[in-house]
Amino acid sequence: MNMWAEHPGTDEWVVVLDFGGQYTQLIARRVRECQVFCEILPYNTPLDQIRERQPKGIILSGGPASVYELGAPALDKGIYELGVPVLGICYGHQRMALDLGGQVDAAQNREYGRAELEVTAPNSLFEGASATMPCWMSHGDLVRSAPPGFQILAKTLNTPVAAMADPARQLYGVQFHPEVTHTPFGKPLINNFLKTICGCKGDWTPANFARASIEKIRERVGKGKVLCGVSGGIDSCTVAALVQRAIGDQLTCVFVDHGLLRKGEPEEVQRLFTQNFPSHLIFVDAKAQFLSQLEGVTDPERKRKIIGEEFVRVFEEHAGELSDCRFLAQGTLYPDVIESGTPQAAKIKTHHNVGGLPDWMTLEVLEPLRFLFKDEVRALASELGLPDSLVWRQPFPGPGLAVRVMGELTEHRLHQVREADAIVMEELGKEGWLRKVWQSFAVLLDTRSVGVMGDQRTYQNPIVLRVVASEDAMTAEPVELPWELLTRIAHRIVNEVPGINRVLYDLTSKPPATIEWE
Ligand code: XMP
């Protein structure tokens with residue numbers, strides 16, 4: 001078990017057992033919005049590990065499998081005997097029904113999307129709900145009959161057991177998805193489960209998390225020194241603030257200019273840092289080192305690996321210059337961990353600070369935000385008194401512009417994407433869009449298209465504009481920017497950035513795309 005999850009600043013711990021559902025992270029977010037700390041663990045986590053942590057509640061997620069499939073994911077049935085409340089959602093609901101003697105069938109009419117839920121029996125799970133309400137369904141199988149001892153709580157037109165409970169054993173199941181916003185009563189239902197059924201107080205607050213993290217850092221680091229890589233983004237600055245509170249001037253920060261930063265960024269970060277942090281900052285110009293390693297590399301995963309390794313090389317070099325520096329603090333977040341691949345989640349990309357760490361690294365990694373989502377980090381940063389200009393800075397990936405230049409990285413191509421990016425930021429900034437969107441940036445493609453400029457044929461690369469709204473980067477939607485703003489940006493880019501003759505707007509959401517292009 002990871003130490004940060006063991007010391008989240010509360011004694012209340014809820015586990016979400018992951019059956020591979022697309023909404024598992026959303027379940028975790030909804031639980032945390034009720035100020036209850038929870039962690040996502042694989043469905044087959046050994047019972048002893050769960051029992052040891054004395055959870056206040058267990059939630060079984062949805063999943064793509066059918067309970068009747070060969071090798072369908074199953075949990076240790078001892079979970080139902082722990083005396084801890086369990087809530088099964090979708091696959092979790094079907095799993096519970098089948099495990100305890102109910103009947104699960106393939107649905108004749110598969111239910112996807114909105115359905116009308118009718119609450120048929122009173123129960124604390126539905127406390128405060130109206131008799132009928134919309135809910136979100138996404139299932140092929142359904143529970144035909146509830147197991148012995150269970151009462152049916154709700155139904156829909158096509159689902160006879162849309163919710164069930166055995167209050168004596170504190171076992172609950174819902175076929176619909178309370179974690180998605182399309183189920184308006186979903187959040188109150190999760191809150192009822194946590195507060196009324198599990199008896200959670202809901203004391204997981206940014207202040208408690210900060211206090212516990214600071215204590216933990218102090219305990220782990222002792223009298224030693226810590227090096228913290230800062231990028232000027234909210235994650236690394238929040239880590240620096242936590243570590244600074246914990247160990248004062250035993251902390252040294254290091255900012256690496258890898259040549260993949262945005263226009264004016266190295267200067268801006270130094271200014272932001274000096275204004276807000278009392279710690280010592282080492283500024284490293286490693287442009288030549290990174291770019292020479294990346295020469296000729298076009299594969300996205302290779303780029304990420306190389307950048308991750310070079311970061312560590314620079315950090316180790318500077319840690320070596322400080323006496324007794326064993327630790328490297330960095331701002332890894334929960335989505336970085338999830339998307340770099342866990343036993344249940346497929347690897348999407350190697351986030352530079354997770355899967356990119358080389359075996360030869362000697363520094364121990366300190367990652368106090370490893371279990372937090374971005375909006376939780378923002379709340380923590382405000383709690384720590386960091387200024388709004390920092391708290392609301394748009395995220396920028398560690399590998400920087402390298403993952404926004406498709407194909408080969410050259411000084412010229414980096415210059416093109418950097419100039420285009422500066423135009424996007426300037427134009428969105430003028431009209432107050434920067435705070436309203438999650439991220440806005442330019443991507444340089446490696447295909448070419450024909451154009452005509454000043455009566456001459458051109459055969460040049462396009463720039464893609466990517467502007468997305470998101471809550472936590474796990475999902476995202478393209479932003480409907482005013483047409484006039486989009487065309488002004490396009491006009492400026494083709495006129496001001498050499499070698500660009502076309503501008504496209506990316507209309508894809510995540511999923512199926514990701515926010516960055518590589
Ligand atoms: P994707 O492209 O995976 O991005 O949808 C999700 C969020 O993560 C940022 N991102 C990264 N951040 N190191 C980081 O620190 C990385 O390797 C990395 N890759 C993507 C991305 O900008 C978006 O906010």
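Whatever order the structure lists them in is the order used to number ligands and atoms, beginning at 1.
Residue Q275 qualifies as enclosed at atom CD: its count of foreign heavy atoms under 6.0 Å is above 12.
The aromatic rings of H177 and Y23 lie perpendicular to each other, with more than 60° between the two planes, well past the 30° mark.
For ligand 1, the atoms lying closer than 4.0 Å to a non-hydrogen atom of A473 are 6 (C), 7 (C). Every atom of ligand 1 is numbered from 1 in the order shown, and the set under 4.0 Å from a heavy atom of R304 is 16 (C), 17 (O), 18 (C), 19 (N), 20 (C). Near W438, meaning under 4.0 Å from any of its heavy atoms, are these atoms of ligand 1: 24 (O). Here is the list of ligand 1 atoms found below 4.0 Å of a heavy atom in T514: 1 (P), 2 (O), 5 (O).
The residue among G331, S236, G398, S231 with a heavy atom at the shortest distance from atom 15 (O) of ligand 1 is G398. Of the candidates S470, P511, P397, P300, it is P397 that places a heavy atom closest to atom 12 (N) of ligand 1.
The shortest N/O to N/O separation between P395 and ligand 1 does not fall below 3.5 Å. Not one N or O of D336 is nearer than 3.5 Å to an N or O of ligand 1, by distance alone. For a threshold of 3.5 Å applied to N or O pairs, the pair formed by K510 and ligand 1 contains at least one separation below that value.
Counting heavy atoms closer than 4.0 Å to ligand 1, residue A476 contributes nothing at all.
In terms of the ring-ring contact (aromatic ring centres under 6.0 Å, His included) criterion, residue partners of F255 (sequence neighbours excluded) are, by chain and number, F283. Partners of Y91 by ring-ring contact (aromatic ring centres under 6.0 Å, His included), not counting sequence neighbours, listed by chain and number: F19.
By the 6.0 Å and 45° rule, R262 stacks over the aromatic ring of F396.
Summarising the geometry of S279 relative to L251, their closest heavy-atom pair is OG-CD2, 3.4 Å, with the distance given to 0.1 Å.
Electrostatic pairing of R466 and E518 does not count as a salt bridge here, judged by no charged N lying under 4.0 Å from a carboxylate O.
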